[in-house]
Protein chains: 2
Amino acid sequence: MSIRDLARHLDISIGTVSRALNGKADVNQETRERVLEAAKRLGYVPNQSGRSLRQGTTNTIGFMIESTIETVDTGGSFFMPVFEGVQSVFRRHHLDLVALLCGTDEEPAAYLNRVVARRFVDGLIISATTRHDPRIDFLLERKIPFITLGRSETTGDYPWIDLDFEGVATAAVERLAGLGHSRIAIAVPASDINLGYIFLDAYKQALAANGIAFNPDYVFRSYANEEGGYQIAGAVLAQRQTPTAIILVNENMALGLYRRFYESDIHPGRNIAVIGFRESIQSRFLSPTLTCFRISLRDLGIKLAESLLSTMPAYEEHYPHEKVELIWPLELVPGESDQGEL
Amino acid sequence: MSIRDLARHLDISIGTVSRALNGKADVNQETRERVLEAAKRLGYVPNQSGRSLRQGTTNTIGFMIESTIETVDTGGSFFMPVFEGVQSVFRRHHLDLVALLCGTDEEPAAYLNRVVARRFVDGLIISATTRHDPRIDFLLERKIPFITLGRSETTGDYPWIDLDFEGVATAAVERLAGLGHSRIAIAVPASDINLGYIFLDAYKQALAANGIAFNPDYVFRSYANEEGGYQIAGAVLAQRQTPTAIILVNENMALGLYRRFYESDIHPGRNIAVIGFRESIQSRFLSPTLTCFRISLRDLGIKLAESLLSTMPAYEEHYPHEKVELIWPLELVPGESDQGEL
DNA sequence: ATGAAAGCGCTAACAT
DNA sequence: ATGTTAGCGCTTTCAT
């Protein structure tokens, strides 16, 4: 069922059918109705390839995520709500969202190159930005509309939204310092992902602001998942002078950390203060309850989508052009994990 | 940069360029090398729309998931490892995987209709099959290669893979019966998803096989997520004659169930026996440890991908044609949650 | 208001 | 072994 079939069926030209379907003004109202009715009845939907080839647009937005060893087990619980938010915006504009899954064994930049060159999508949301991210240069050069979820040192004129790691680090250090802690450790991802650098810097600044000397031995690096938390807890316990508190930058680390501590009969909140990162279904289940930070991922998705569209000329009427560079706040959720006596 | 530009640059015809790039035999070795080198140097990648239009194929496989209220928070942790497995197979054949996210507010059948009619993908994996699933009829009629993750009562000649709910129900009931339980409850999703029916039927059969009468009051229905587990635990406690054991059909239910039980000072394994469904990172964290079932989601993804390709003529040489109808086994992971005295 | 026709980028059939 | 050309389905420009 092509547009040609439909036109033949109605005994009018394909040009008129096309115009009718696309809501052009110069078509007889009666004709339009006939066309729409027939299209619906016969189940005609335009072939996207033909359309894309002619118009140079696909009506599809890609959200690139990497199924790394770190995210494969747990990343979904972060991204699904974000997707849901993104999609709720796109639906209004007849845009489809596809998740572009860059596999473990492929270079993100190479994957992106292929996606873009094949004209798969009109725009992109990319996540897990690295300190220096070649994808950004590439997309800027190709003039593909995009937004990043995460900051990068790679400069240029592009929109981004990132979580407020500074705010989290500051609030966490201040809270712990206020409770009398000075041996405050931090757990960051071992990878080149930018948030690790940002979080570490903010942590250092917050330490300084609270008159606490920075101790490089208190920076622990591992996978940003449960296993990483487990490893870090082990490393913490192996220190000569054990920290009295630890701040995590990933929600999944908390699970492994708790587990490893329990194995050594160390109780968060009693023997060591713990501040987790994002509140999640899992974290709400930890005992003692985890002090962590709340964020609406769906709202984040909505803002990501709206910000991306605001950079695309075709959607200027709905979303006035603005370059978004946004730090997304998180809200402290006090728990028991950092409330023990020192 | 189109194929025309590339041809002009090399001063040969676009036909030869196309043949060289597509590895056709009838092209001079030297010419081929020149073409490939220039393509690489100039960053030429064929436009997918042009290609699709001509060949009628997109080299893309879609994996349709629904971000329902149930899956949005937790479904990702199930699907990501499956995706990873699927992708590891597709990569070998230069196929791309896209996750097609059907939003909360769209009818799955309508969404699928659009995806198919637009010729977005060459094949499909669909999940969360319902008891009677119109998507299956639709895809069969359109002759789109697809495989379902999940069985359905909708008949026809199509491949499917599903988890061994019967095996899980049987093993769980037998285990509990062996421990002396006869008031064994079950928790299933309230939706029309087929696995609920399958699990319930298998549970009834297993009860009969163990000489236990079926009691409809012991069938609890709610969301297949943490909240659902919480609600069900409340309903269990509200029963006049409380069951002494409960079997869950969803991994996330266990979290809420435990939480609600704790609130009433009911301890799984001591006051009530609990057998969960799939072992997950979260479930490994419950205390007392949850008796549940283990599955390699990555391997499941690999089998899904291979089975789908085996139905597609273009891949017959790699995957001989076979119609897969496969029950995927799960392995019991004994825990403490069902080991208390009666 | 409608029809006719060009052309988006590509591949494959046909010609040389 | 290479060049030429038709045509995939669609939108849009130009006629009428």
Side-chain angles (χ1 to χ4, degrees), chain A residues 1-36 38-39 42-60 94 96 114-122 142 314, chain B residues 1-36 38-39 42-60 94 96 114-122 142 314:
Chain A
M1 168 58 62
S2 74
I3 196 171
R4 186 163 266 109
D5 302 327
L6 187 58
R8 199 148 33 208
H9 181 88
L10 290 161
D11 198 28
I12 53 179
S13 76
I14 60 170
T16 304
V17 172
S18 174
R19 283 190 292 262
L21 290 171
N22 289 292
K24 303 292 176 185
D26 57 351
V27 50
N28 185 296
Q29 186 56 31
E30 192 192 337
T31 313
R32 159 165 294 128
E33 278 160 20
R34 272 184 65 217
V35 171
L36 291 176
L42 300 173
Y44 169 77
V45 178
N47 177 310
Q48 188 58 38
S49 296
R51 222 165 185 213
S52 301
L53 193 53
R54 177 65 226 233
Q55 301 197 126
T57 167
T58 63
N59 296 313
T60 303
H94 302 286
D96 276 314
R114 207 171 66 240
V115 167
V116 168
R118 287 168 49 155
R119 303 292 137 79
F120 216 73
V121 295
D122 293 343
R142 296 293 181 104
Chain B
M1 167 58 63
S2 75
I3 197 171
R4 186 163 266 110
D5 301 328
L6 187 58
R8 200 148 33 210
H9 181 87
L10 289 161
D11 200 27
I12 53 179
S13 78
I14 60 170
T16 304
V17 172
S18 174
R19 284 189 295 262
L21 290 171
N22 289 293
K24 304 291 176 185
D26 57 351
V27 51
N28 187 296
Q29 186 56 32
E30 192 191 338
T31 313
R32 160 166 292 127
E33 279 160 19
R34 271 184 65 217
V35 171
L36 290 175
L42 300 174
Y44 169 77
V45 178
N47 177 311
Q48 187 59 38
S49 296
R51 236 179 167 190
S52 300
L53 195 53
R54 176 64 227 231
Q55 297 191 311
T57 167
T58 63
N59 295 313
T60 303
H94 302 288
D96 277 314
R114 207 171 68 240
V115 168
V116 168
R118 287 168 51 155
R119 301 294 137 76
F120 217 74
V121 295
D122 294 343
R142 297 291 181 106

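Note on naming: letters A, B, ... go to the chains in the order of the sequence lines (proteins, then strands), and numbering restarts at 1 for each one.
Nearest heavy atom pair, residue B/T16 against residue B/T31, reads CG2-CG2, 4.0 Å.
Near DNA chain C, meaning a heavy atom under 4.0 Å away, the residues from residues 12-19 of chain A are A/I12, A/S13, A/T16, A/R19. Scanning residues 49-57 of chain B for heavy-atom distances under 4.0 Å to DNA chain C yields B/G50, B/R51, B/L53, B/R54, B/Q55.
Taking atom CD1 on A/I3 and atom C1' on D/dT11, their separation rounds to 8 Å, with Å as the unit. For the pair B/H9 NE2 and C/dG9 C1', the computed distance is 19 Å after rounding to whole Å. Regarding A/N22, its CG atom lies at a distance of 10 Å from the C1' atom of D/dT12, rounded to whole Å. A/L6 has its CG atom 9 Å from the P atom of D/dC10, to the nearest Å. For the pair B/R4 CZ and C/dG7 P, the interatomic distance rounds to 10 Å; values are reported in whole Å. If you take CE of A/M1 and C1' of D/dC10, they are 15 Å apart, rounded to a whole angstrom. Rounding to whole angstrom units, CG of residue B/L10 and P of D/dA1 are separated by 18 Å. Nucleotide D/dT11 holds its P atom 9 Å from the NZ atom of A/K24, rounded to whole Å.
A/T58 and A/D122 are linked by a side-chain donor-acceptor pair at a separation below 3.5 angstrom, with hydrogens and angles left out of the test.
OP1 and OP2 of C/dC8 both lie 4.0 Å or more from every side-chain N or O belonging to B/N47.
End-to-end axis angle for the helix from C/dA1-D/dT16 to C/dT16-D/dA1, using five pairs per end and rounding to 10°, comes out at 50°.
Counting any heavy atom pair closer than 4.0 Å across all strands shown, B/D26 reaches a base atom.
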